[in-house]
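Everything below concerns the one structure shown next.
Below, chain A is the first sequence line, B the second, and so on; all start at residue 1.
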2 protein chains.
Amino acid sequence: MPATIRDVAAAARVSPATVSRVLNGKVEVAEELRDRVHAAVTRLGYRPNGLARGLRTRATTVLGVVISDITNPFFPLMVRGVEDFAQSSGYSVVLANTDEDLVKERRYLEVAAAERMAGVILSPASSRRTDVSVLTRHGIPLVAVDRELPGADVDGVFINNHAAAREATEHLAAQGCRRIALIAGPSATSTGERRLAGYRAGLRASGLPSDPELVRRADFRVGGGYQATLDLLATRERPDGLLVSNNLMALGALQALQEQGVDVPGDIAFVSFDGISWAPTFRPTLTVVEQPTYEIGRRAAELLLARVGGDRGPARKVVLPAELKIGQSSSRR
Amino acid sequence: MPATIRDVAAAARVSPATVSRVLNGKVEVAEELRDRVHAAVTRLGYRPNGLARGLRTRATTVLGVVISDITNPFFPLMVRGVEDFAQSSGYSVVLANTDEDLVKERRYLEVAAAERMAGVILSPASSRRTDVSVLTRHGIPLVAVDRELPGADVDGVFINNHAAAREATEHLAAQGCRRIALIAGPSATSTGERRLAGYRAGLRASGLPSDPELVRRADFRVGGGYQATLDLLATRERPDGLLVSNNLMALGALQALQEQGVDVPGDIAFVSFDGISWAPTFRPTLTVVEQPTYEIGRRAAELLLARVGGDRGPARKVVLPAELKIGQSSSRR
DNA sequence: GTGAAAGCGCTAACAG
DNA sequence: CTGTTAGCGCTTTCAC
């Protein structure tokens, strides 16, 4: 049975209000009382009850980060960015993983609302079907990351997916590729759509035709990338260039290429979105569109805490630059 | 301003108590009232305030998972195991990342206590210095995973690190390695210590001498594995076998070997703990000690929820088997 | 079966 | 500057 503020007050021979004042440091308290309170707190091992405090103040100091796939190495670094900024402002960060599942996502947004979290950073499972009304109804600020949320008028931090995909495609074309394939993400995600559009723009700019057979949809996961690659390799005329829309699918694609004895970059030049930790050890070294992952998290936390602090301005979209890092995998001499 | 239980009660022309009874379904309520309540709940978009409920019932339905390094691919799958079990029992799971930092760890345990989480699964940053008293004092059940917590008498789920390291070492010896090196984890972690002891036992069983120069401590991170490997390669007589105590360090080790032009397995046979997602695409395929990661999470959640449910028995330690998966990286013909 | 009332632990408002 | 009082939203006696 943990000590309550009344226990501390009794032990320090002051009122509960004084204990509260000492602990929250808003109001000046005489030094002697302050010392007595601190002593009592230590002696009793008192920890304020966050539930009671949150109930009373109608605000907690916990931020929720709801991400779409915890196995994607993209997120850890983003979370670090969030944490570093949040903790410097006295907030704690808890994570939840939706697994790209709208039902789980809804459940976690409900948890965030029920626990009255101060704010939420969300990587939406779907740009169209994700429903954030449970947060807005409770006045809980939200920042979208990675994927846009067109329906809701909320802050967001993204990269310029269109330009990045276009640049990657043009790079492949400049390497002499004539049949550049794309493994696209789910049409439900803005990321998937923008990267597809950028790819098409890159083909046009390079004077290459757009062959629907060269575009495969997959689910942003390893298995999807693997299957899509097998499908692409089974086409009449194999592609000579491949752009993969995220890192997990790239993993699957590389595995499929390897199993099929396709040489990278000899037979097919290869570019993917998002680095992963193994990139430096992989041979050939990979050409990747590298996102400023940590910075995405940091900026998202910054936007969010501004809202938590009462900022009521119009929704802000922050677009950070992604960088095409050229390795051996796309280099056809 | 979200709707409260009183709003719902007023709208349904019943008392708040009745609304509560309907929502929690413990007590029978007349069908007509029940329908009115449900209608009001939907119409007002009512969500019970978890803080108020938790304050009143002295229990929440949130489990905390506090892990030591979110960038380690070991954890996501474990978390899945926790989530799957927890959600089937009506609990939500939130994560926190300590980054192997005792200060962050303490802060998150305090958050868990302040938020009165129902229970905590912890991968301790240090077997000796991690302090879980803030949880025990509040009666919050705890399950340790991956690393033991010798000071505290708590439940835990682990693998048999000693046996696994020994088996891996004997495997290397059986491949003809005479100078088997180990990149060990921090001595602060039980995992690091047990794997070291198992390695030594493996050497003894294989009739090989134990050369302290062949053992390097590192920090379970990529950079540490990289540096340790460079150090090992700089010794007078290079090792011909290498066992690495976790996946992230293995990544660094592989990078160092590659940069130094050391052939795997030709010059050095290689085994590491924990698979990672890229393992299938890596050539040579890796020999790894594979942990039942998902199962570790599932069992941890199971133990934890038993405690949450009031189980007061003695501390249980679950030891799951790890499996040596032999690939090309350790095969010297 | 249902309502009224009390109280979980805390802080904000109000006196003093 | 400090104490008293009230109440955040919910569940749980206790009456009826």
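- At least one donor-acceptor pair closer than 3.5 Å links the side chain of A:Arg36 to the backbone N or O of A:Arg13.
- For the side-chain contact (heavy atoms from CB on, under 4.5 Å) with B:Ile140, the lone residue among B:Val134, B:Leu135, B:Leu109 that qualifies is B:Leu135.
- Taking every heavy atom of both residues into account, B:Tyr91 and B:Leu63 meet most closely at CD2-CD2, 3.9 Å.
- Atom CD in A:Glu31 sits roughly 13 Å away from atom P in D:dC1 (whole-Å rounding).
- Checked options A:Leu23, A:Asp35, A:Val22, A:Val19; the residue passing with A:Val29 is A:Val22 (criterion: side-chain contact (heavy atoms from CB on, under 4.5 Å)).
- Ion pairing between a basic and an acidic side chain is recognised when a charged N comes within 4.0 Å of a carboxylate O; B:Arg80 and A:Asp69 show such pairing.
- For the side-chain contact (heavy atoms from CB on, under 4.5 Å) test with B:Leu142, the passing option among B:Val66, B:Ile121, B:Val132 is B:Val132; the others fail.
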Where protein sits on nucleotides 7-13 of chain D, one letter per nucleotide: B base, S sugar-phosphate only, - none, heavy atoms under 4.0 Å: BBBBBBB
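- Over its full length, the helix from C:dG1-D:dC16 to C:dG16-D:dC1 turns its helical axis through 40°, comparing axes from the five pairs at each end and rounding to 10°.
- Ion pair A:Asp84/A:Arg298 not flagged as a salt bridge, since none of the NZ, NE, NH1 or NH2 atoms sits closer than 4.0 Å to an Asp/Glu carboxylate oxygen.
- Put simply, the residue from B:Lys317, B:Arg299, B:Arg316, B:Arg307 that forms a side-chain hydrogen bond (donor to acceptor under 3.5 Å, both in side chains) with B:Asp155 is B:Arg307.
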